[in-house]
Protein chains: 2
Amino acid sequence: MTRSEENYIKIIFHLGKSEKKGISTNAIAKQMDTKPSSVTDMVKKLSDKGLVNYRKYQGVSLTPVGRKKALSIVRNHRLWEVFLVEKLDFSWDEVHEVAEQLEHIKSEQLIDKLDKLLGFPRFDPHGDAIPTKEGEFKERIKQLLSEAPLNSMGICVGVRDSSAPFLKFLDKNNIALGQTIKVLEKEEFDGSFIIEIDKKKMHISNQIASNLYLKMDEV
Amino acid sequence: MTRSEENYIKIIFHLGKSEKKGISTNAIAKQMDTKPSSVTDMVKKLSDKGLVNYRKYQGVSLTPVGRKKALSIVRNHRLWEVFLVEKLDFSWDEVHEVAEQLEHIKSEQLIDKLDKLLGFPRFDPHGDAIPTKEGEFKERIKQLLSEAPLNSMGICVGVRDSSAPFLKFLDKNNIALGQTIKVLEKEEFDGSFIIEIDKKKMHISNQIASNLYLKMDEV
DNA sequence: ACAAATTTTTAGCTTTGTCTAAATATATTT
DNA sequence: AAATATATTTAGACAAAGCTAAAAATTTGT
Ligand SMILES: [Mn+2]
Ligand SMILES: [Mn+2]
Ligand SMILES: [Mn+2]
Ligand SMILES: [Mn+2]
């Protein structure tokens, strides 16, 4: 598989997680930062190779083989992100671009050994699950802070938006994965929240609240 | 620079070390495993970009800019090789292929941090010098075992052939970098040697002797 | 010095992945 | 049910990097 094919497969995988029907040409084009006509061409090629199901005008979905391949690339990407943060002291907002390159390095041995060096991590620095070598992938049960019931508590386990500006904002406000957050109040007017974190009360906008994932305490 | 351009520049650099005049199209083609006509095309492009000096039929050489770029790629390659051996437990005969891919990852920060993680190594697993970030590069003073005077001693610091079969042969015979070797006898008939290594006498063929570098003890 | 052999370049073609513009299919309004 | 808007595909072109075959330059051998 070429690098470009791998990127298409990966994006179709990500889009497919939240979409039941076929993924549209336009959606892929937007993510790939390319034109819909280019997507049509590529999608035909991937279909010929048995990696996607494609019927003209009906969108695409991954075949089992394509899904397996996508999971492998996602695995690479996320393991490299862990490496960059844990071993090279990158911050979590700096790793994505580099991992976009590293994910395409072809060497099974390399990934196996990297996995071992990192202690077989199950989640990447943004809280996203790392598929196993065997292609198993289940996302953690989690809930957006903005949808958590009042007075509930949970551990911050992930971000929905993992763009650098958002991650930097969290750093600045001392919000990090692993912290316990209690949802105290919701202001209905603007959808903002008052939460307790680190024994301190804090006010966060709806924008923030709807991009933080919590694993709720079972009470 | 594209990956292909980088590979050409790197090969021109390596060929240029042992060649005074311009590097020939054919020599590059052989190393790149491509056809001379393709080399001509690429060399023109590199010339247009100011990376090589090229006059038709006269071969090519690197410009200062091209050399700087080549050193950067060699630096990447060798740092990654150190990483693979030191941190991921690859053996020295397994790292080259993977480093060929990793050397093209574009991130200055990544290389700086990798360098730091590895403790700013000056030589790669095969004993080859690692160019500095600033583009300084001097090879270690060393001598082929086959050209060392009888009864001289030295430390094994490098290999000329770093192909997997040769490296595996050395492993099998417990010859490794850092070991002290004394040159005891030379058999003029076949050019083979008797050496002392690890307090044991050993017979090695001329083939082996002329692919091992020693840093001679000053006496 | 010239013919032969070798090396290098040129010309023209291929594949990959992209683009624009035009055509066609699907979806949304009226 | 049209008409209109939007999404998608097709057709034709382009740049990168490679190839083969033929032409041209250089080197070598006599
Ligand atoms: Mn990422
Ligand atoms: Mn991530
Ligand atoms: Mn190498
Ligand atoms: Mn090396």
Side-chain angles (χ1 to χ4, degrees), chain A residues 1-13 15-16 18-62 66 69-70 73 100-101 103-106, chain B residues 1-13 15-16 18-62 66 69-70 73 100-101 103-106:
Chain A
M1 271 182 98
T2 68
R3 175 169 301 220
S4 188
E5 287 171 352
E6 290 183 349
N7 283 330
Y8 272 94
I9 288 292
K10 186 182 58 162
I11 278 170
I12 294 167
F13 171 76
L15 292 171
S18 48
E19 187 58 48
K20 299 297 136 215
K21 312 180 209 164
I23 310 305
S24 79
T25 301
N26 260 9
I28 298 169
K30 195 161 291 172
Q31 289 291 314
M32 284 290 294
D33 200 25
T34 184
K35 302 292 167 187
S37 54
S38 307
V39 175
T40 302
D41 287 348
M42 179 56 88
V43 143
K44 279 179 186 167
K45 188 171 25 151
L46 294 173
S47 176
D48 289 345
K49 291 196 175 188
L51 297 165
V52 303
N53 308 115
Y54 170 61
R55 279 187 2 265
K56 271 189 195 180
Y57 297 99
Q58 304 310 127
V60 303
S61 60
L62 293 178
K69 188 66 211 172
I73 299 160
E100 284 290 304
Q101 299 180 60
E103 71 188 6
H104 301 289
I105 303 291
K106 274 159 203 59
Chain B
M1 271 182 98
T2 67
R3 174 168 301 217
S4 188
E5 287 171 350
E6 290 184 348
N7 283 330
Y8 272 93
I9 289 292
K10 185 182 59 162
I11 277 170
I12 294 167
F13 170 76
L15 291 170
S18 48
E19 187 58 46
K20 299 296 136 213
K21 313 180 213 163
I23 310 306
S24 79
T25 301
N26 260 8
I28 298 169
K30 196 161 291 173
Q31 289 291 315
M32 284 289 295
D33 200 25
T34 185
K35 301 292 167 187
S37 53
S38 307
V39 174
T40 302
D41 287 346
M42 179 56 88
V43 144
K44 279 180 187 166
K45 188 169 28 150
L46 294 173
S47 177
D48 290 344
K49 291 194 175 189
L51 297 164
V52 303
N53 308 115
Y54 169 62
R55 284 191 352 272
K56 271 190 195 179
Y57 296 99
Q58 305 310 128
V60 302
S61 60
L62 293 178
K69 188 66 210 172
I73 299 160
E100 285 290 305
Q101 298 181 60
E103 70 188 8
H104 301 290
I105 303 291
K106 274 158 202 61

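Letters A, B, ... mirror the listed sequences (proteins, then strands); counts begin at 1.
Considering only heavy atoms from C-beta on, Ile73(B) stays 4.5 Å or farther from Asn7(B) through its side chain.
Summarising the geometry, the separation between OH on Tyr57(A) and C1' on dA27(C) is reported as 13 Å, rounded to the nearest angstrom. Here dT15(C) presents its P atom at 15 Å from CD of Glu5(A), a figure rounded to the nearest Å. Across the protein-nucleic acid pair, Met32(B) atom CE and dA16(D) atom P stand 16 Å apart, rounded to whole Å. To the nearest angstrom, C1' of dT8(D) lies 12 Å from CG of Asp41(A). A straight line from CD of Gln58(A) to P of dA25(C) spans 12 Å, rounded to a whole angstrom. For the pair Lys35(A) NZ and dA22(C) P, the computed distance is 16 Å after rounding to whole Å. Protein atom CZ of Arg55(A) is 12 Å distant from nucleotide atom P of dT9(D), rounded to whole Å.
Under the rule for a salt bridge (charged side-chain N to carboxylate O under 4.0 Å, His left out), the partners of Glu6(B) that lie at least two apart in sequence or sit in another chain are Lys69(B), Lys106(B). With sequence neighbours left out, Gln101(B) forms a side-chain hydrogen bond (donor to acceptor under 3.5 Å, both in side chains) with no residue at all.
Between the base of dT20(C) and the side chain of Ser37(A) there is a donor-acceptor pair shorter than 3.5 Å.
To the nearest 0.5 angstrom, His104(B) atom NE2 is 9.5 Å from Thr2(B) atom OG1. Distance check: Leu46(A) CG to Ile12(A) CD1 gives 6.0 Å after rounding to the nearest 0.5 Å.
Contact annotation: Lys44(A) side-chain N/O to dT10(D) OP1/OP2 distance is under 4.0 Å. Phosphate proximity of dT10(C) to Thr40(B): absent, as no side-chain N or O sits under 4.0 Å from OP1 or OP2.
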Table please: side-chain donor-acceptor pairs of residues 22-39 of chain B below 3.5 Å, with sequence neighbours left out.
residue	atom	partner	partner atom	Å
Ser24(B)	OG	Ala27(B)	N	3.0

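A heavy-atom distance below 4.0 Å to DNA chain C is reached by these residues of residues 20-28 of chain B, ordered by number: Ser24(B), Thr25(B), Asn26(B).
For residues 46-62 of chain A, every residue pair satisfying the side chain to side chain donor-acceptor pair (under 3.5 Å) rule, not counting sequence neighbours, is listed here: Glu5(A)-Lys49(A), Asn53(A)-Ser61(A).
Closest contact between the side chain of Thr34(B) and the listed nucleotides dT10(D), dC19(D), dT18(C) involves dC19(D). Across dT18(C), dC19(D), dA16(D), the shortest atom-to-atom separation from the side chain of Thr2(B) is found for dA16(D).
For Lys56(A) and Tyr8(A), each mapped to the nucleotide of DNA chain C holding its nearest heavy atom, the one lying further toward the 5' end belongs to Tyr8(A). Taking the nucleotide of DNA chain C with the nearest heavy atom to each of Tyr54(B) and Pro36(A), the more 5' of the two is matched to Tyr54(B).
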